[in-house]
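These values consider heavy atoms only, across backbone and side chains, with no hydrogens, waters or symmetry-generated copies.
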Amino acid sequence: MEKTLYLRLRHRIQASPNEVITIGKIAQIVGNREWAEQIKKIIVRHVNSSDKNIIVLDVMAVVNEIHKLDEEISVQTIGPSQTIIEVVYEKKRISPFLFGIVWLLLFVGSGLAIMNFHEDVSMQQVHMRIYKMITGETNEQPLLLQVPYSIGLGLGMILFFNHLFKKRFNEEPSPLEVEMFNYQMDLDHYVAMNENEESMKKIDDD
């Protein structure tokens, strides 16, 4: 009787240093419950210091380990052909002084960027013209427009990025999150192609 196993590798997982990686941690398995549980316990990698922070496991290596247990198992793979293992080391505590310096630089830099943009497009002249159109008077500092505009600018940025500190307003991803996702996908694709020893072979390899 043929034993059919459906296996789908997870795209990315996290592991701690010196952790033992089993098939159950890197893949979803569907098949006969009795031998599927045995397969999930098969060890495919021991994380060690030489692995640094990125490990790429190829699906063929996983299939090979399964066949060591039972050559009669027919493995049907679905989804990605590699799993990226991110080794997460203990993070160093950030100095409050360093955090304050970085925050100050970002605050001043973003403020200057907004001010320079407003200067380039002559925003004050625009406010003065709108104020004159509404009231019929000339005012070089139309605070009646500038104050609500400044408040609206901050609120607009909060709504645009869909975050207020750690609070999310809805489930829709912000443009920044979408760009970060695309960057992560490109990075994972690069890692999978260049860190996977089975993806490329040199001309002098056997």
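No side-chain heavy atom of Y6 sits less than 4.5 Å from a side-chain heavy atom of T77. Residues M185 and H11 have side chains in contact (heavy-atom distance under 4.5 Å, counting atoms from C-beta outward). The closest side-chain heavy-atom distance from V75 to H67 is below 4.5 Å. At least one side-chain heavy atom of I66 sits less than 4.5 Å from a side-chain heavy atom of L7. Taking 4.5 Å as the limit, some side-chain heavy atom of I23 sits within range of a side-chain heavy atom of I29. With a 4.5 Å cut-off on side-chain heavy atoms, L187 and Q184 count as touching. Residues V191 and I54 have side chains in contact (heavy-atom distance under 4.5 Å, counting atoms from C-beta outward). No side-chain heavy atom of K132 sits under 4.5 Å from any side-chain heavy atom of E137.
Taking the six-membered ring wherever Trp is involved, the centroid distance between the rings of W103 and F107 falls below 6.0 Å.
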Test side-chain contact (heavy atoms from CB on, under 4.5 Å) applied to V62 and E65, step by step: CA-CA 5 Å; V62 177; E65 292 297 328; 5.8 Å; no
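In this structure, V20 and H46 approach most closely via the heavy-atom pair CG2-CD2, 3.6 Å. Considering all non-hydrogen atoms of both residues, I26 and T83 come closest at O-OG1, 3.6 Å. Considering every non-hydrogen atom in both P17 and V47, the closest pair reads CA-CG1, 4.2 Å.
Judged by distance alone, the side chain of K25 and the main-chain N or O of Q14 form no donor-acceptor pair under 3.5 Å.
To the nearest 0.5 Å, atoms OH (Y131) and CG (L145) are separated by 8.0 Å. Annotation: the span from R12 atom CZ to D188 atom CG amounts to 4.0 Å, rounded to 0.5 Å. Distance check, rounded to the nearest 0.5 Å: OG of S81 to CG of L57 gives 12.0 Å. Atom CD1 of I78 and atom CD of Q28 lie 9.5 Å apart (nearest 0.5 Å).
Taking a 6.0 Å sphere around CZ of R8, one finds it holds 12 or fewer heavy atoms contributed by other residues, nucleotides or ligands. The 12-atom threshold is not exceeded at CD1 of I94, counting heavy atoms of other residues, nucleotides or ligands nearer than 6.0 Å. Annotation: F97, atom CZ; neighbour count of heavy atoms from other residues, nucleotides and ligands within 6.0 Å does not exceed 12.
Taking hydrophobic clusters as Ile, Leu, Val, Met, Phe, Trp and Tyr residues chained together by side-chain heavy-atom distances below 4.5 Å, L155 does not share a cluster with M157. Under the 4.5 Å side-chain heavy-atom criterion for grouping Ile, Leu, Val, Met, Phe, Trp and Tyr, I42 is connected to V59 within one hydrophobic cluster. Taking hydrophobic clusters as Ile, Leu, Val, Met, Phe, Trp and Tyr residues chained together by side-chain heavy-atom distances below 4.5 Å, I114 does not share a cluster with L106.
Under the side-chain contact (heavy atoms from CB on, under 4.5 Å) rule, L5 has a single partner from I39, N32, V30, which is I39. Checked options V44, I55, I43; the residue passing with I21 is V44 (criterion: side-chain contact (heavy atoms from CB on, under 4.5 Å)).
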Expected list for residues 115-129: side-chain donor-acceptor pairs under 3.5 angstrom, two or more places apart:
unit_1 : atom_1 : unit_2 : atom_2 : d
N116   : ND2    : L112   : O      : 3.1
H118   : NE2    : Y149   : OH     : 2.8
Q124   : NE2    : E140   : O      : 2.8

